[in-house]
Structure formats: structure tokens, C-alpha cells
Amino acid sequence: MAGEIPDLVALERTGTGKGAARQARRDGMVPGIVFGGDNDPLPINLPFNVLLARLRKGRFKATLFNLKVEGHEDVRVICRDIQRDVVKDLPTHVDLMRLRRTSKINLFIPVEFINEADAPGLKKGGVMNAVRPEVELVVTAGDIPEKLTVDLTGLDIGDTVTISAITLPQGTKPTIDRDFVIANISAPSGLRAADDADETDAGDVPATEQSED
């Protein structure tokens, strides 16, 4: 079930305190700390350009990473805080938390739509609207689904797909406690315009005048 977890490569930072952090930034690194689990906190440095590229992709704080630090075992981590420069809005420090395989975390999981050719509504010219191309789920760190799959087979114009129609891995649940919409199939714009025109015409029909005696 679990997709490939991206690597996050860091260096162990020698020395702590503001002086070591300032030196790291001068060297093109972003200082950070790894905490949690059964091990002591580990000070690290992350390459600035690599971290910035990750941040610009989005969802950094909701992505599970495989942290690789030379001399230490790989460990799964999730970002718990990013400190930024108040003027430039660039990262200046990162807090990462170690996770056990049984840890519960919130992650955004992408949604894949399949069998579009078997949806009568799309054959008629309908449009599929992906209301939620990704869904935030509470997942177990050791069993993260790579994606959620929505089968469009048999769906017609006006049909909707809700989260209850998707089979989730055991122990996984949405963060939203209601049956929300994932996608729907709407009428093509031409048909909607014709329907609107028909409704307008019907509303414009004047009432029959009564003749006076």
C-alpha cells in the first residue's frame, strides 16, 4: 500500500547554539533539529537550495520523509516547524520529528481517477470536476497509501463520488468527519446554457389576461 517515501539528506551539525547555526547559514545550509523517538535530539544541516525546492513544491509539513544522515540509521520524519526570515520569508531553521511505524500522522494523499471511458456521463459530453484532487487522511506511518483510486465506471451526468465510496486501508480515516464529495460529473456548458434559457423562457410567459365584461 505504501508509496515510495522521498529521501531527505542532511549532515550532522557539529556544535550547537547560535554561533553554529549562523555558520551553517553562511555555508549555504539550513540548521535543524531531529527529535522524538527513543534517541537524543540530533542537530543537522540541510542544503538550503534542496530545502527551498522542497518547500516550493508544497505540502512540506504534511509529507513523510526518509531522513538520511551519514553515520546514523535512516529514520522516518515529518516536519513540525519551519522558522523563516521575517523579511525574506526564507527558511532559517527546521524542526523534524522521528516517527515509529505505528505513529499516526495527517498526510494529503492524491486521488487517481480511472475508467473515464466507461462513464456514460463523460461520453455524453459531461465534465468531471475533481473537487478534491487530494484528501487529508489520518494514516499509520508504516502503511501509507500511495494514492486513492476512484472508479468512474457507470457514472452519469449529475452523479457524485463521496469519500464513503473509496475503500481506505485499515486504520486510515479522513480528517473530516462527514461524507464529503471527491468528484462529480456535470452537464456540458452548452446543455447547461440551454437549460437556463428554457427556464428563463418559461418564467417570461405572461399570465392570461381576463377580458372585461
Side-chain angles (χ1 to χ4, degrees), residues 1-14 16 21 24 29-47 50-84 91-114 130-151 161-183:
M1 289 297 299
E4 182 178 354
I5 299 173
D7 287 337
L8 190 63
V9 181
L11 301 173
E12 183 174 3
R13 176 160 40 97
T14 57
T16 57
M29 310 293 282
V30 178
I33 192 74
V34 185
F35 64 92
D38 299 325
N39 297 325
D40 294 333
L42 175 67
I44 60 170
N45 285 333
L46 292 163
V50 174
L51 177 60
L52 189 61
R54 292 278 190 186
L55 291 173
R56 286 175 173 170
K57 286 183 178 180
R59 304 298 186 195
F60 185 81
K61 294 180 72 173
T63 300
L64 183 69
F65 291 102
N66 178 50
L67 181 67
K68 303 177 75 71
V69 181
E70 186 176 354
H72 297 267
E73 293 184 0
D74 291 4
V75 62
R76 293 183 177 188
V77 298
I78 191 167
C79 178
R80 278 295 173 245
D81 188 47
I82 303 172
Q83 297 176 26
R84 297 175 180 267
T92 58
H93 192 276
V94 179
D95 292 344
L96 302 175
M97 185 175 72
R98 300 183 185 97
L99 295 173
R100 299 183 177 88
R101 293 185 62 83
T102 56
S103 298
K104 293 287 187 179
I105 54 174
N106 292 10
L107 289 180
F108 284 89
I109 306 298
V111 179
E112 179 185 47
F113 300 93
I114 62 173
V131 179
R132 292 180 185 271
E134 56 183 10
V135 177
E136 187 178 21
L137 301 175
V138 180
V139 300
T140 304
D143 189 22
I144 299 172
E146 180 180 2
K147 59 190 175 184
L148 302 180
T149 302
V150 172
D151 190 347
V161 179
T162 62
I163 188 64
S164 63
I166 301 177
T167 301
L168 301 177
Q170 186 174 0
T172 298
K173 66 178 183 179
T175 58
I176 300 175
D177 190 23
R178 58 181 171 80
D179 194 19
F180 53 87
V181 173
I182 301 295

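Atoms considered below: every heavy atom in the structure, side chains included; atoms not considered: hydrogens, waters and symmetry mates.
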Looking only at non-hydrogen atoms, find the nearest pair between [X] and [Y] and report the distance.
{"X": "His93", "Y": "Val30", "result": "N-CG1, 3.7 Å"}
{"X": "Thr92", "Y": "Arg84", "result": "OG1-N, 3.8 Å"}
{"X": "Ala183", "Y": "Ala130", "result": "CB-CA, 4.2 Å"}
{"X": "Asn106", "Y": "Ile78", "result": "O-CD1, 4.4 Å"}
{"X": "Arg98", "Y": "Val77", "result": "CA-CG1, 4.1 Å"}

Rounded distance (nearest 0.5 Å) linking atom [atom1] of [X] with atom [atom2] of [Y]:
{"X": "Leu64", "Y": "Leu107", "atom1": "CG", "atom2": "CG", "result": "6.0 Å"}
{"X": "Phe35", "Y": "Leu42", "atom1": "CZ", "atom2": "CG", "result": "12.5 Å"}
{"X": "Thr175", "Y": "Phe180", "atom1": "OG1", "atom2": "CZ", "result": "6.5 Å"}

Fill in: Non-neighbouring partners of Arg101 that pass side chain to side chain contact (heavy atoms under 4.5 Å, CB included), sequence neighbours left out
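In terms of side chain to side chain contact (heavy atoms under 4.5 Å, CB included), with neighbours along the sequence ignored, Arg101 is linked to Arg76.
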Fill in: Residue list, side chain to side chain contact (heavy atoms under 4.5 Å, CB included) with Pro6, at least two apart or on another chain
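Partners of Pro6 by the side chain to side chain contact (heavy atoms under 4.5 Å, CB included) criterion, ordered by chain and then number, come out as Arg54, Thr63, Phe65.
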Taking the side chain as C-beta and beyond, is there a heavy-atom pair between [X] and [Y] under 4.5 Å?
{"X": "Asp143", "Y": "Gln170", "answer": "no"}
{"X": "Val135", "Y": "Ile176", "answer": "no"}
{"X": "Thr140", "Y": "Thr172", "answer": "no"}
{"X": "Leu51", "Y": "Ile82", "answer": "no"}
{"X": "Gln83", "Y": "Pro91", "answer": "no"}
{"X": "Val111", "Y": "Pro133", "answer": "no"}
{"X": "Pro174", "Y": "Leu168", "answer": "yes"}
{"X": "Ile109", "Y": "Ile144", "answer": "yes"}

Item to complete: Please indicate whether Asp179 has more than 12 foreign heavy atoms, meaning atoms of other residues, nucleotides or ligands, lying under 6.0 Å from its CG.
Response: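 Atom CG in Asp179 is packed in, count exceeds 12.
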Fill in: Heavy-atom neighbours of Lys104 NZ exceed 12 at 6.0 Å
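Counting other residues, nucleotides and ligands, NZ of Lys104 exceeds 12 neighbours.
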Item to complete: Test Ile166 against Thr149 for side chain to side chain contact (heavy atoms under 4.5 Å, CB included), laying out the working first.
Response: CA-CA 7 Å; Ile166 301 177; Thr149 302; over 6 Å; no
Practice prompt. Go through the steps for Val9 and Val50 under the test side chain to side chain contact (heavy atoms under 4.5 Å, CB included), then give the verdict.
Written response: CA-CA 9 Å; Val9 181; Val50 174; over 6 Å; no
Worksheet item: Quick one: which of Leu46, Val69, Ile44, Val94 gives a side chain to side chain contact (heavy atoms under 4.5 Å, CB included) with Leu8?
Response: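 Option passing the side chain to side chain contact (heavy atoms under 4.5 Å, CB included) with Leu8: Leu46.
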Worksheet item: Going by the salt bridge (Lys or Arg N to Asp or Glu O under 4.0 Å) test, which pairs reach into residues 58-73, not counting sequence neighbours?
Response: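 Those involving residues 58-73 are Arg59-Glu134, Lys68-Asp74.
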Practice prompt. For Arg13 and Gly32, indicate whether the former's side chain and the latter's backbone hold a donor-acceptor pair under 3.5 Å.
Written response: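 Yes; judged by distance alone, with no hydrogens or angles, the pair exists.
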